[in-house]
There are 2 protein chains.
Amino acid sequence: MNVNEAIAIMKEEGHKYTDKRRDMLQLFADESRYLAAKDVLEALKPTYGGMSFDTIYRNLSLFTDLGILEATELDGEKRFRFNCATTHHHHHIICLECGRTSHIHHCPMEAAAVSAPGFEVVDHKFEIYGYCRECRQTEAG
Amino acid sequence: MNVNEAIAIMKEEGHKYTDKRRDMLQLFADESRYLAAKDVLEALKPTYGGMSFDTIYRNLSLFTDLGILEATELDGEKRFRFNCATTHHHHHIICLECGRTSHIHHCPMEAAAVSAPGFEVVDHKFEIYGYCRECRQTEAG
DNA sequence: GATCAAATCGGAATAATTACTATTCAAAAA
DNA sequence: TTTTTGAATAGTAATTATTCCGATTTGATC
């Protein structure tokens, strides 16, 4: 998934291509980490002074529905990142300080002998939380 | 972990034993599933008409700190359940409808060849979401 | 029973998110 | 290019979950 692919999907599905949508996509492409709604507002404030939260939330929701972004919930707020699992399914190691991520190339779903007969699985989550090397060094310094 | 153990821990740590705390613990012991703050209020409303959310949140937080409850975040709200991982570490299969849980007796942390050198792990989550047999039957019927 | 700190109540404050209406604008048609 | 039209947006109000705070109550200790 890259910005052009995302734009293609968006147009394909009959959604309008606006400056704000382009810049939001570019932001997520540039930052390979989880961002909250307020982070998006903060990042686009220099360009669009009065950008509405409504716009941000609506677009985050749209992009997630279209598979362009993936979402998780951490510390009381929803966070989004560019969907990097389109080529192969994987999970994330997430830094609690900066939101930076690494990949886990092992999906436990395969190994988990699901011991709940009759249970219909619709989703799963495997995430590791902690502090990345960079944040630990900053902290130490 | 059971109610008596929980009460023992609470007293041990110098916290007062109140009717509301006893009933909250009993509620979590009876329901082996994730409950949100409002679920607790709902359940204890017949006994204590005007129970404050402050009381509920404060106690949920206390119990979690003491290791009596474990918490997760789902669909915009924090949810809590009796800590059932005191004997052996495990994860949960969670019904999105009723919150009922089953155990996953396989922790992916052991197998996950963590590919983030320098990363300090502080927590991890492995959860499977879907619909349990009971809720699917209710839905179908 | 008296004392005191902790627990609780009730309501206000905060923060994230969603909803609503008037206005603006991208894209297709003329 | 201009017109048209419905989707997108701004600005603000409403909603929901959670936390905070001063006044009051209560469990545990003496």
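Heavy-atom basis, side chains included; hydrogens, waters and symmetry copies ignored. Naming convention: chains lettered A, B, ... in sequence-line order (proteins, then strands); numbering from 1 in each chain.
Side chain of B:E73 to main chain of A:G76: a donor-acceptor pair is present (N/O by atom type, distance under 3.5 Å, no hydrogens or angles). Within the 3.5 Å criterion, the main-chain N or O of B:L60 finds a donor-acceptor partner in the side chain of B:T64. In terms of modelled atom types and a separation under 3.5 Å, the side chain of B:E70 and the main chain of B:C84 share a donor-acceptor contact. Side-chain atoms of B:T55 never come within 3.5 Å of backbone atoms of B:M51 as a donor-acceptor pair (strictly under, hydrogens ignored). With hydrogens and angles disregarded, a donor-acceptor distance shorter than 3.5 Å links the side chain of A:D39 to the backbone of A:A36.
When DNA chain D is scanned in the 5' to 3' direction for atoms under 4.0 Å from non-hydrogen atoms of chain A, the outermost contacting nucleotides are D:dG6 to D:dG11.
By the salt bridge (Lys or Arg N to Asp or Glu O under 4.0 Å) test, A:R79 pairs with A:E77, sequence neighbours left out.
In this structure, CD1 of B:I56 is placed 12 Å from C1' of C:dC9, rounded to the nearest angstrom. Between the CG atom of B:L60 and the P atom of C:dT8 there is a distance of 12 Å, rounded to whole Å. The distance from atom CG of B:L62 to atom P of C:dA5 is 19 Å, rounded to the nearest whole Å. Regarding B:R58, its CZ atom lies at a distance of 13 Å from the C1' atom of C:dG10, rounded to whole Å.
Both A:G50 and B:A37 lie close to DNA chain D; mapped to their nearest nucleotides by heavy-atom distance, the more 5′-ward contact belongs to A:G50. Nearest-nucleotide positions on DNA chain C for B:F53 and A:F53 put B:F53 closer to the 5' end.
Pairs engaging residues 28-37 of chain B under the side chain to side chain donor-acceptor pair (under 3.5 Å) rule: B:Q26-B:D30, B:E31-B:R33, B:Y34-B:H92 [sequence neighbours left out].
Here B:H103 and B:H89 keep their ring centres 6.0 angstrom or further from each other. Annotation: B:H88 is in aromatic contact with B:H105 [ring centroid separation under 6.0 Å].
Comparing the end axes of the helix from C:dG1-D:dC30 to C:dA30-D:dT1, each fitted to five base pairs by superposing C1' atoms of four pairs onto the next four, gives an inter-axis angle of 30° (nearest 10 degrees).
For the residue pair B:H106 / B:H90, no side-chain donor-acceptor distance below 3.5 Å is found, with atom types taken as modelled. At a cut-off of 3.5 Å, with distance as the only test, a side-chain donor of A:T72 or A:K125 sits close to an acceptor on the other residue.
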**OP:** Could you run through nucleotides 21-30 of chain C and give me one letter per nucleotide, 5' to 3': B if any protein heavy atom sits under 4.0 Å from the base, S if only the sugar-phosphate is that close, - if neither?
**Re:** -----BS---
Can you name the atoms? Protein N/O to nucleotides 12-16 of chain C N/O, anything below 3.5 Å, with the distance.
{"unit_1": "C:dA16", "atom_1": "OP1", "unit_2": "A:K38", "atom_2": "NZ", "d": "2.9"}

Original post:
Are A:Y48 and A:D19 close enough, and set up right, to give a side-chain contact (heavy atoms from CB on, under 4.5 Å), and what steps lead you there?
Top reply: CA-CA 10 Å; A:Y48 310 99; A:D19 289 358; 3.2 Å; yes
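Using a 4.5 Å heavy-atom threshold, the side chains of B:N83 and B:I68 count as separate.
Backbone-only engagement by B:R21 is indicated by non-hydrogen atom pairs under 4.0 Å involving sugar-phosphate atoms exclusively.
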